[in-house]
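In what follows, chains are A, B, ... by sequence order, proteins preceding strands, each numbered from 1. Keep in mind that the numbers below use all heavy atoms, side chains included, and drop hydrogens, waters and symmetry copies.
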There are 2 protein chains.
Amino acid sequence: MPTNQVYVSLDAVIVTVSANEPNILVVDRSDGQPPILPSGPLDADEDETLELAVRRWLSLQTGITVSYVEQLYTFGDRRRGAAGGGERQLAVGYIALVPEETPSEGSLWVGTYELFPWEDRRFGRRDVLLNDLAPRLTEWARGDALREGRVQITFGLGAPWDPIRVLERYELLYEAGLVEEQSTDEGGPAPQTSFGRPLGVDHRRIVATALGRLRGKLTYRPVIFEVMPDTFTLTELQRSVEALLGMELHKQNFRRIVDRGELVEATGEHRSSTGGRPAGLYRFRSEVASERPQPGFPLPRPKAL
Amino acid sequence: MPTNQVYVSLDAVIVTVSANEPNILVVDRSDGQPPILPSGPLDADEDETLELAVRRWLSLQTGITVSYVEQLYTFGDRRRGAAGGGERQLAVGYIALVPEETPSEGSLWVGTYELFPWEDRRFGRRDVLLNDLAPRLTEWARGDALREGRVQITFGLGAPWDPIRVLERYELLYEAGLVEEQSTDEGGPAPQTSFGRPLGVDHRRIVATALGRLRGKLTYRPVIFEVMPDTFTLTELQRSVEALLGMELHKQNFRRIVDRGELVEATGEHRSSTGGRPAGLYRFRSEVASERPQPGFPLPRPKAL
DNA sequence: CTAGTAATGCTCGGATCGAGCACAAGTAGC
DNA sequence: GCTACTTGTGCTCGATCCGAGCATTACTAG
């Protein structure tokens, strides 16, 4: 007789952008182990829907009220939960987007690119990091044509970089033994070099899934405005998109998209920034969603190498 | 003390294309109620991963061995399961793609467009169906600007049709009381007119989610080949894509995409079809996946009205 | 041999996109 | 008040992609 009863938790990747950096909320653990995502149980009796459950305990646990919530993925490998014994754990992952905000005691923002340094390709950062990573990867793949192909495609070595493939890249590093979690899970020796800051359990994997999904969603839904304040300049908007995509965009082309998409409207006010011509202030036209399909920021066409 | 123990099932939307029609596998129920999706429990003790669990009982229950499996969404509304009493049910939905195949006793293929007639816009079928649906929808939305906007966008009335938005359309019909499940769930009177064939529980919703996701995935991953036989003509390939998208494609442009994408290779053989010039036979070049990002069939650009 | 049908090759104009130039409108330093 | 610098904003141009159609090829049916 199989056991069907399972403990279900709801794990949230709460994303914001502040100071042009994408951050996620984590909860510190007292025992010095890596932090984890905020997570709460599903109250099978009380919670009407999964999404309401997330909102409920999220405001309780972190003091943050989220407006945008979206289901991400359900993680159910047996390896999850207390390795070995313990009951079966199932985690339904959610993405939440919030404007910059201060969380309550116990939780804190962590830069997404501390977890995934290789995902940030703005301002030439790619060179520094891919010059460390690439050699290790090619070494790992050497002689195995399949591996070599995967490394090239997923990491954009000799091929265009696809910002969406965050999870694929993380999983490849996991396989190659280049992230800490691999040895933690398999019980082997810690790698001499590991990349990015780990999270507890499989939570870095969950964040990777979330970041990839979010990057994709940016291109066809106006989700970026969920992390923006009410009014903003076009440059601020662009910086936020760039932060999440991890790549720079051509300023004039970005504005062309905003214009054509009628995504925003001018408030008429201006802001004198740190220097230079004052920028017009804009606000999101939430009506777009009901006017046009696909209102988002299409990714730049990948360069043919 | 909240109850956290939950019964978890794995529900699969198994999709194939035969005779240019997209089909899904359903299981008939003896009591005359609408059929449901094949569904199995998660064996918390035995199943290493959720995906392996799906594969395990799928071959047991339907006799079908699937090669392609992908997680879809997790459905957990309290309304699910035995309405009222009974324990909390959580369903992790999966999409599986298979080539044409005969299932074992008890399960059978059903045309996807029997469930969603409005999703099939090939061969001018749109007129017949949208002339029935559209009046009811506009009536439902009359006077409510928000509803009117949603109807226009989701159903492409006076706006481009977006093949992806299958779930949005189904949910709108649900809200408008134009599908049977609405009255079943809420206990109200059955609608005078309802559209499409219902499934049990919330399974039609699950299929809607699957179809939307699949249509999207077609555009950037070569998943279509999962439902194709080993060799096929380019027209057969095109017909299968069209079947899932529910729309016709320009033949020459379709071939241009196949060519440029190097998705297939000629076998050198030809097939004399029912009449006309014999078509070359092709097979999938599975190497594409490791050669280029985004190897798929991009959707035609939506017409600006 | 002719008509019909499907497969295949090719072309052309419009839309979109990447990339840059040029100018506008401020601030900071002298 | 002038100059240098910084940032915002408008515009253009060539490359590419895409929609749509014409023309030709290679077969079947009568």
In this structure, how many angstroms lie between the [atom2] atom of [N] and the [atom1] atom of [X], rounded?
{"X": "A:E236", "N": "D:dG8", "atom1": "CD", "atom2": "C1'", "answer": "13 Å"}
{"X": "A:L299", "N": "C:dC17", "atom1": "CG", "atom2": "C1'", "answer": "13 Å"}
{"X": "A:L281", "N": "C:dG26", "atom1": "CG", "atom2": "C1'", "answer": "15 Å"}
{"X": "A:I257", "N": "C:dC17", "atom1": "CD1", "atom2": "C1'", "answer": "9 Å"}
{"X": "B:L249", "N": "D:dC18", "atom1": "CG", "atom2": "P", "answer": "13 Å"}
{"X": "A:Q238", "N": "D:dT7", "atom1": "CD", "atom2": "P", "answer": "13 Å"}
{"X": "B:F254", "N": "D:dC18", "atom1": "CZ", "atom2": "C1'", "answer": "15 Å"}
{"X": "B:R271", "N": "C:dA7", "atom1": "CZ", "atom2": "C1'", "answer": "14 Å"}

Requested in this report: Pick base, sugar-phosphate or nothing for B:P300, based on heavy-atom distances below 4.0 Å to the nucleic acid.
Outcome: sugar-phosphate
Query raised in the report: Would a 4.5 Å heavy-atom cut-off, applied to side chains only, mark A:D132 and A:R136 as touching?
Result: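 No, their side chains stay 4.5 Å or more apart.
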Query raised in the report: Any N or O donor-acceptor pair linking the side chain of B:R256 to the base of D:dG19 at under 3.5 Å?
Result: yes
Query raised in the report: Quick one: the side chain of A:H270 and the base of C:dG26, do they pair up donor-acceptor inside 3.5 Å?
Result: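 No, no donor-acceptor pair under 3.5 Å.
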Query - A:N131, CG atom: more than 12 neighbouring heavy atoms under 6.0 Å - result: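 More than 12 heavy atoms, drawn from other residues, nucleotides or ligands, come within 6.0 Å of this atom.
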Is the phosphate of [N], meaning OP1 or OP2, less than 4.0 Å from a side-chain N or O of [X]?
{"X": "A:R260", "N": "C:dC17", "value": "yes"}
{"X": "B:K251", "N": "C:dA6", "value": "no"}
{"X": "B:R277", "N": "D:dT25", "value": "no"}
{"X": "A:T235", "N": "D:dG8", "value": "yes"}

**Report entry** Test: B:R283 and B:E269 ion pair at under 4.0 Å
**Finding:**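 A salt bridge is absent here (no side-chain N lies under 4.0 Å from a carboxylate O).
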Query - Backbone of B:Q71 reached by a side-chain donor or acceptor of B:R213 within 3.5 Å - result: yes
Query raised in the report: Out of D:dG19, C:dG20, D:dG21, which has the shortest distance to the side chain of B:H250?
Result: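 Of all the options, the side chain of B:H250 is nearest to D:dG21.
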Report task. Among D:dG19, C:dA22, D:dC18, find the nucleotide with the atom closest to the side chain of A:Q252. Result ->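 Minimum distance to the A:Q252 side chain belongs to C:dA22.
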Query raised in the report: Do you know the tightest heavy-atom contact between A:L234 and A:F254?
Result: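 Here A:L234 and A:F254 meet closest at O-CE2, 3.9 Å.
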**Report entry** DNA chain D: 5'-proximal contact among A:R239 and A:N253 (nearest heavy atom)
**Finding:** A:R239
